Amino acid sequence: MTSTTLRQHFFRYCFGLALAIVTAALLVMQQGESVTHFFNTIIGASFDNTTTLLDLARWTSPLLLSGMAFLVAARAGIFNTGVEGQVVVGACAAAIAGSTLPMTGLPLMLGTTIAGCLGGLVWAFVPAVLYRRYRVNEVVITLMMNYIAVLACNLVIRSYFLAESSEGNESITVSSRPIEAAAQIPAFSGASDAGWTLLPTAIIYLVLAVLILKSRWGYDLKAVGGSSRFAQYAGVQVRDVQFRAFLLSGALGGLVGAFEVQGVLHRYIDGALTDFGWNGILVGLIGLNHPVGAVVSATFLGVLQNGQLAVQQMTNISPYMIKLIAALLILCVAVDPLKAIIASMKRGRNDV
């Protein structure tokens, strides 16, 4: 990426952020609220003290991991819109494993995590095979499988693993039995949901970043995503690279769901994982499909996500104002990168 391109991206980010802030400020003023108090509430919810920093890390961590799930596939020319479904299936698999596996201690914890990864990988397997063998459009099939994932997981949980109330009645909401204490990943403190899932998330991110930027595998991904025909001339097994990237993307999505179940929810709850996958796609797009950009965009979206509850509790402003800020920034920032990614994918669709 040239210095000119970097400057263009920098100014686009600045313009998008300025537009979002000015628009939000005008709307806040129109409602008779203090603009300073509104933005101080958002910033303070993430940077006031150690607890708020942990809260920020709690939201940034799954966003970064789901962003890397999208990024891995996108660099190989695959637009995986199924991260959302892979997160849900991973959470369901982890909840079932964590409450039923005949293990104790660390083996149960690891088994639950692995079950989540495998759940996401299996859910990505069908579209990966269809794309590899028949070149079925991955956007269409992964979108369809997102809805199937939610319905299928709810059916399985409701039929076989539904939680019971203290009176012995079935839960009204689709909620699984809690996982065993040994399968849970503990939080750092009772004041925040952030826990030791942050450590493996950071390790996985660093390993992936190094592999993507410095390894032969990363070069293969970039070559295939840029032009599959050129990559084949260079000796790259295009379909194998895309197939493995698709499966890895699904496994990472499943890991997001597993960590949420093990570290925060301690069970599968219908609707509790909404938007983790979609926001991961935004992390990848805003971050220009680069690992460093993914950290920045995940942190930014984490600040907004973390600030929603504070805005709702401490101001009279609708928390949807936070979504407006994110949407305006994304509108200004992601249009050109999205066009470039789609153009790159079209170039990479030549049959090889």
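If you're wondering where the values come from, they're calculated on a predicted model, not measured in any experiment.
In this structure, Arg132 CZ and Ile78 CD1 are separated by 11.0 Å, a value rounded to the nearest 0.5 Å. One finds the CD1 atom of Ile96 at 10.5 Å from the OH atom of Tyr160 (value rounded to the nearest 0.5 Å). Taken from CG in Leu130 to CD1 in Ile141, the straight-line distance is 4.0 Å, to the nearest 0.5 Å. For the atom pair CZ (Phe47) and CG (Leu56), the distance works out to 5.0 Å, reported to the nearest 0.5 Å. Rounded to the nearest 0.5 angstrom, Ile21 CD1 and Phe38 CZ are separated by 10.5 Å. Note that the CG atom of Leu301 and the CD1 atom of Ile322 stand 11.5 Å from one another [nearest 0.5 Å].
Taking the side chain as every heavy atom from C-beta outward, Ile281 and Glu84 never approach each other to under 4.5 Å. A heavy-atom distance below 4.5 Å is not found between the side chains of Val83 and Val256. Here the side chains of Leu221 and Val241 are in contact, with some heavy-atom distance below 4.5 Å. Val126 is not listed as a side-chain neighbour of Tyr131, based on a closest heavy-atom distance of 4.5 Å or more. Contact annotation: the side chain of Trp278 never approaches that of Phe70 to less than 4.5 Å [non-hydrogen atoms, C-beta and beyond]. Counting heavy atoms from C-beta on, the side chains of Asp193 and Asp55 never come closer than 4.5 Å. Counting heavy atoms from C-beta outward, Gln184 and Thr112 have side chains that stay 4.5 Å or more apart. Using a 4.5 Å cut-off on side-chain heavy atoms (C-beta onward), Thr142 and Asn146 make no contact.
Closest heavy-atom contact between Ser99 and Ala95: OG-O, 2.9 Å. Annotation for Thr52 and Gly44: closest pair CG2-O, 3.6 Å, computed over non-hydrogen atoms. What you find for Gly250 and Ala124 is that their closest heavy atoms are CA-CB, 3.7 Å. The two residues His290 and Arg75 make their nearest non-hydrogen contact at CA-NH1, 4.1 Å. Nearest heavy atom pair, residue Ala310 against residue Ala45, reads CB-CB, 3.7 Å. The two residues Met109 and Ala182 have their closest heavy-atom pair at CB-O, 3.5 Å.
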Subject >> Leu248 and Leu121: CA distance, side-chain angles, deciding distance, side-chain contact (heavy atoms from CB on, under 4.5 Å) verdict >> reply: CA-CA 7 Å; Leu248 177 57; Leu121 185 148; over 6 Å; no
**OP:** Step by step, work out the side-chain contact (heavy atoms from CB on, under 4.5 Å) result for Val136 and Glu138.
**Re:** CA-CA 6 Å; Val136 176; Glu138 79 279 14; over 6 Å; no
Original post:
Please walk me through it: do Thr104 and Glu180 pass side-chain contact (heavy atoms from CB on, under 4.5 Å)?
Top reply: CA-CA 9 Å; Thr104 58; Glu180 299 293 332; over 6 Å; no
**OP:** Report the C-alpha distance between Thr173 and Asp270 in whole Å, list the side-chain angles of each, state the deciding distance to 0.1 Å, and finish with yes or no for side-chain contact (heavy atoms from CB on, under 4.5 Å).
**Re:** CA-CA 7 Å; Thr173 60; Asp270 179 34; over 6 Å; no
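In this structure, Met103 belongs to a hydrophobic cluster whose other members, linked by side-chain heavy atoms under 4.5 Å apart, are Leu101, Leu108. Clustering of Ile, Leu, Val, Met, Phe, Trp and Tyr by side-chain heavy atoms under 4.5 Å joins Ile179 with Val261. The hydrophobic cluster analysis finds Tyr320 isolated: no Ile, Leu, Val, Met, Phe, Trp or Tyr side chain comes under 4.5 Å of it, directly or through other members. Through direct or relayed side-chain contacts under 4.5 Å between Ile, Leu, Val, Met, Phe, Trp and Tyr, Leu26 connects to Val22.
At a threshold of 4.5 Å between side-chain heavy atoms, the hydrophobic network of Ile, Leu, Val, Met, Phe, Trp and Tyr places Leu208 and Val224 in one connected group. Cluster membership check: Ile42 does not share its hydrophobic cluster with Val296, using side-chain heavy-atom separations under 4.5 Å among Ile, Leu, Val, Met, Phe, Trp and Tyr. In the hydrophobic cluster analysis, where Ile, Leu, Val, Met, Phe, Trp and Tyr join through side-chain heavy atoms closer than 4.5 angstrom, Val174 is grouped apart from Tyr147. Following chains of ILVMFWY side-chain contacts shorter than 4.5 Å, one cannot reach Leu151 starting from Trp123, and the two form parts of different hydrophobic clusters. The same ILVMFWY cluster, assembled from side-chain heavy atoms under 4.5 Å apart, contains both Val150 and Leu162.
Partners of Cys153 according to the side chain to side chain contact (heavy atoms under 4.5 Å, CB included) rule, which considers only residues two or more places apart in sequence or in another chain, are Val88, Val89, Cys92, Tyr268. The side chain to side chain contact (heavy atoms under 4.5 Å, CB included) search around Val129 returns Phe125, Phe243, not counting sequence neighbours. Residues that satisfy the side chain to side chain contact (heavy atoms under 4.5 Å, CB included) test with Ala25, not counting sequence neighbours, are Val35, Phe39. Partners of Ala294 according to the side chain to side chain contact (heavy atoms under 4.5 Å, CB included) rule, which considers only residues two or more places apart in sequence or in another chain, are Leu64, Met68, Leu71, Val283. Every residue meeting the side-chain hydrogen bond (donor to acceptor under 3.5 Å, both in side chains) condition with Ser61, not counting sequence neighbours, appears here in chain and number order: Thr201.
Applying the side-chain hydrogen bond (donor to acceptor under 3.5 Å, both in side chains) test to pairs two or more places apart or on separate chains, those with a residue in residues 250-265 are Arg58-Glu260, Thr113-Gln262. Counting only residues at least two apart or on different chains, the side-chain hydrogen bond (donor to acceptor under 3.5 Å, both in side chains) pairs with a member in residues 295-319 are Glu33-Asn316, Ser46-Asn306. Contacts classified as ring pair (Phe, Tyr, Trp, His ring centres under 6.0 Å) and involving residues 173-223 (residues at least two apart or in different chains) are given here: Phe188-Trp196.
In this structure a side-chain-to-backbone donor-acceptor pair under 3.5 Å is missing from Thr51 to Ala191. Not one N or O on the side chain of Ser66 forms a donor-acceptor pair closer than 3.5 Å with the backbone of Gly253.
Using modelled atom types, one finds a donor on one side chain and an acceptor on the other under 3.5 Å when comparing Gln86 with Asn80.
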